[in-house]
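Source: prediction; values computed, not measured. A note on names: the letters A, B, ... follow the listed sequences, proteins ahead of strands, and every chain is numbered from 1.
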Amino acid sequence: MSVEDEILRQRLASVREIRALGFSPYGHRFDYTHSIPEVLRLWGAAGAEELDRNRTTLRICGRIQTIRRMGKAGFAHLMQEGERLQIYLRQDSLTAAEFDLYRRLLDLGDIVGAEGYLFRTKTGELTLHVGRLDFLAKTLLNMPEKWHGLEDVETRYRQRYLDLIANPEVRRVFLTRSRIVASLRRQLEERGFVEVETPMMQPIYGGATARPFITHHNALDIDLYLRIAPELYLKRLVIGGLERVYEINRNFRNEGISTQHNPEFTMLEFYQAYTDYRGLMDFSCELLRQVAIDATGSAEVSWQGRTLDFGRIRRFSLREAILEFWRDGPPPTMDELRDPAWLARRSTKASPGEALLDVFEQVVEERLIEPTIIYDYPLETSPLAKSKPDEPDFVERFEIYAGGIEIANAYTELNDPQEQRRRFEMQLAAAERGDEEAHRMDEDYLRAMCYGLPPTGGEGIGIDRLAMILTDSRSIRDVILFPLLRPEPPLGLAERLRAAEAATAHEG
RNA sequence: GAGCCGGUAGCUCAGGAGGUAGAGCAUCUGCCUUUUAAGCAGAGGGUCCUGGGUUCGAGUCCCAGCCGGCUCACCA
């Protein structure tokens with residue numbers, strides 16, 4: 001018999017004994033007077049005499065993290081909400097059943113409730129002297145090892161609950177992620193933005209360049225696409241008079257998986273009527289500075305051994321950045337960056353604009369460690385952005401980089417329907433040349449634009465990537481609770497549970 | 001999709017010139033009423049990822065595959 005099956009049988013035998021002693025192995029409501037973090041906050045600094053003088057009865061609960069049995073007494077640590085408190089149990093303070101429960105039937109990972117009073121041990125640790133012990137939930141499988149936690153990356157992702165139990169820093173990462181989202185919501189709400197939800201299943205996908213997931217609706221007998229972006233729906237809402245809207249939700253892109261890409265990822269998109277990309281740059285700087293403070297306590301964030309200052313976000317135009325960050329010999333001149341022949345020598349891309357962006361991505365992108373705004377992008381790569389009045393081959397668009405990755409993309413929205421029609425037609429031509437990711441013609445969106453989209457600025461912020469930066473995480477999987485993995489083969493657990501149940505039933 | 005690295009007990013990991021598989025934690029038994037990586041004494045536990053091949057003999061060498069990680073490509 002394998003170790004796991006042996007443990008399974010032992011634990012199921014314990015379940016029967018716990019019941020026989022009058023406890024419930026899968027308990028019931030437990031009204032604790034204080035959570036463990038509350039206990040630590042209230043009494044963490046209280047001295048031994050003070051605790052003895054003001055002896056109060058508390059009820060606490062949590063998962064058993066360590067247990068040290070010493071004959072007629074012993075200690076355990078209970079873990080709740082990421083913090084732990086020691087409890088002390090002794091034979092002469094408990095009923096026979098309670099002591100038996102503690103002595104023979106508690107395993108690491110079990111969830112218990114305890115009532116008692118606080119004291120300090122010889123070594124000074126705050127500890128609950130238990131007068132009543134309650135059983136709340138049994139663990140049937142071995143918990144991860146206590147010294148090293150859970151290291152196996154695959155298990156950490158597949159069984160995130162174990163990761164959260166065993167690795168306190170993982171818990172902190174996801175709490176920080178939650179604070180990031182809360183901070184963004186609060187800041188947007190304070191400025192009058194309205195949160196909305198737009199379709200995830202779309203008949204025509206758009207708003208980004210990516211391959212989609214396709215699904216099927218049976219009753220309507222139509223294929224639908226999981227959205228690659230909410231952009232076109234949010235702008236319809238701006239047309240409808242929701243002048244400040246935002247959505248924080250999932251996008252789905254049928255592309256490769258990497259440390260920076262998960263097929264489903266979370267995006268904040270917000271639109272503000274009557275502003276432009278300059279206005280959004282200023283807003284973004286405030287937004288990111290405050291998010292950094294709310295998430296980490298400081299606008300200066302440590303990332304992979306460097307310090308990123310979200311209080312001072314640099315700004316370069318795309319072409320300035322190429323000159324600034326050029327490392328491969330003497331930098332080109334601004335005239336060369338404007339010269340299609342020069343660009344064609346530097347990139348295999350079809351058009352000068354695409355080639356310029358290609359050069360930027362080769363030369364600059366990974367060097368943008370410090371938070372940086374890059375603005376003024378080539379028109380060809382931005383089918384939904386308004387062009388610059390004085391430079392029609394470029395659009396009023398910027399991206400924000402930090403840690404060498406793109407975390408935001410924003411532009412002044414194109415609001416001329418005839419120009420939008422021409423851009424769609426350019427995309428169709430690209431699609432005919434074989435560009436799988438080219439934008440589709442979206443006449444329904446064109447119709448909406450024909451009713452008048454006010455001058456508007458719109459921005460998307462990649463929440464997962466922002467969370468990576470603000471939690472010092474190297475992989476997007478470390479900030480997504482359940483990243484996509486290939487499915488596991490069948491576990492055979494139901495069969496093992498059935499066998500163990502049959503075996504212990506015979507013993508009983 | 002390509003390259004590199006990895007997969008040994010429930011967990012964390014050693015080991016391996018080819019010759020019956022190791023530690024710590026966890027589990028079980030015994031002792032222990034202020035311990036805290038509790039301690040002490042003993043015991044059980046393995047498809048060394050899978051399938052082929054070479055060999056008297058493969059966990060170790062070779063090939064293929066599976067799963068994962070990293071890098072690159074695509075992308076945000």
At under 4.0 Å, does any side-chain N or O of A/Lys146 touch on OP1 or OP2 of B/A26?
yes
With both distances under 3.5 Å as the test, what is the Watson-Crick or G-U wobble partner of B/C4?
B/G69
Counting only side-chain N and O atoms of A/Thr127, is one of them less than 4.0 Å from OP1 or OP2 of B/U35?
no
Which whole-number value in Å describes the distance from A/Leu150 CG to B/G68 P?
16 Å
Looking at B/G59, which nucleotide sits across from it as a Watson-Crick or G-U wobble partner, both distances under 3.5 angstrom, or is there none?
none
Toward the 5' end of RNA chain B, by each residue's nearest nucleotide, A/Leu108 or A/Arg90
A/Leu108
Will you find, in the side chains of A/Gln202 and A/Arg227, an N or O donor that is under 3.5 Å from an N or O acceptor?
no
Identified pairing partner of B/G39, criterion: Watson-Crick or G-U wobble below 3.5 Å
B/C31
Between A/Arg9 and B/C28, is there a contact of a side-chain N or O with OP1 or OP2 at under 4.0 Å?
no
Side-chain N,O (A/Arg158) to OP1/OP2 (B/C67) below 4.0 Å
no
Minimum-distance pair of heavy atoms, taken over all atoms of A/Phe360 and A/Ala321:
CE1-CB, 4.2 Å
Quick check, does A/Phe75 stack with B/A38? I mean ring centres under 5.5 Å and planes off by under 30°.
no
On the nucleotide B/A76, are OP1 or OP2 found under 4.0 Å from the side-chain N or O atoms that A/Thr209 carries?
yes
Can you name the closest pair of heavy atoms from A/Thr176 and A/Leu470 and give their distance?
CG2-O, 4.3 Å
Paired with B/A9: which nucleotide, if any, by Watson-Crick or G-U wobble criteria at under 3.5 Å for both distances?
none
Could you tell me if the ring centre of A/Tyr277 sits under 6.0 Å from that of A/Tyr411?
no
Establish, yes or no, whether the cationic atom of A/Arg367 lies under 6.0 Å from the six-membered ring centre of A/Phe325 and within 45° of the ring axis.
no
Pairing check on B/A64: which nucleotide meets the Watson-Crick or G-U wobble criteria with it, both distances under 3.5 Å?
B/U50
Any N or O donor-acceptor pair under 3.5 Å from the base of B/G10 to the side chain of A/Glu145?
no
On the nucleotide B/C67, are OP1 or OP2 found under 4.0 Å from the side-chain N or O atoms that A/Arg486 carries?
yes
Between the base of B/U35 and the side chain of A/Glu125, is there a donor and acceptor pair under 3.5 angstrom?
no
For RNA chain B, whose closest nucleotide is more 5', that of A/His129 or that of A/Ile257?
A/His129
Using whole Å, what does the distance between atom P of nucleotide B/G44 and atom CD of A/Gln10 come to?
15 Å
Using a cut-off of strictly less than 4.0 Å, decide whether A/Arg68 has a side-chain nitrogen or oxygen near OP1 or OP2 of B/A38.
yes
Ring geometry between A/His129 and A/Tyr117 (parallel below 30°, tilted from 30 to 60°, perpendicular above 60°)
parallel
Using atom NZ of A/Lys122 as one end and atom P of B/A38 as the other, report the distance to the nearest whole Å.
18 Å
OP1 or OP2 of B/C70 versus the side-chain N and O atoms of A/Arg477: is any pair under 4.0 Å?
yes
Would you mind reading off the distance between A/Lys138 atom NZ and B/U27 atom P, rounded to a whole angstrom?
10 Å
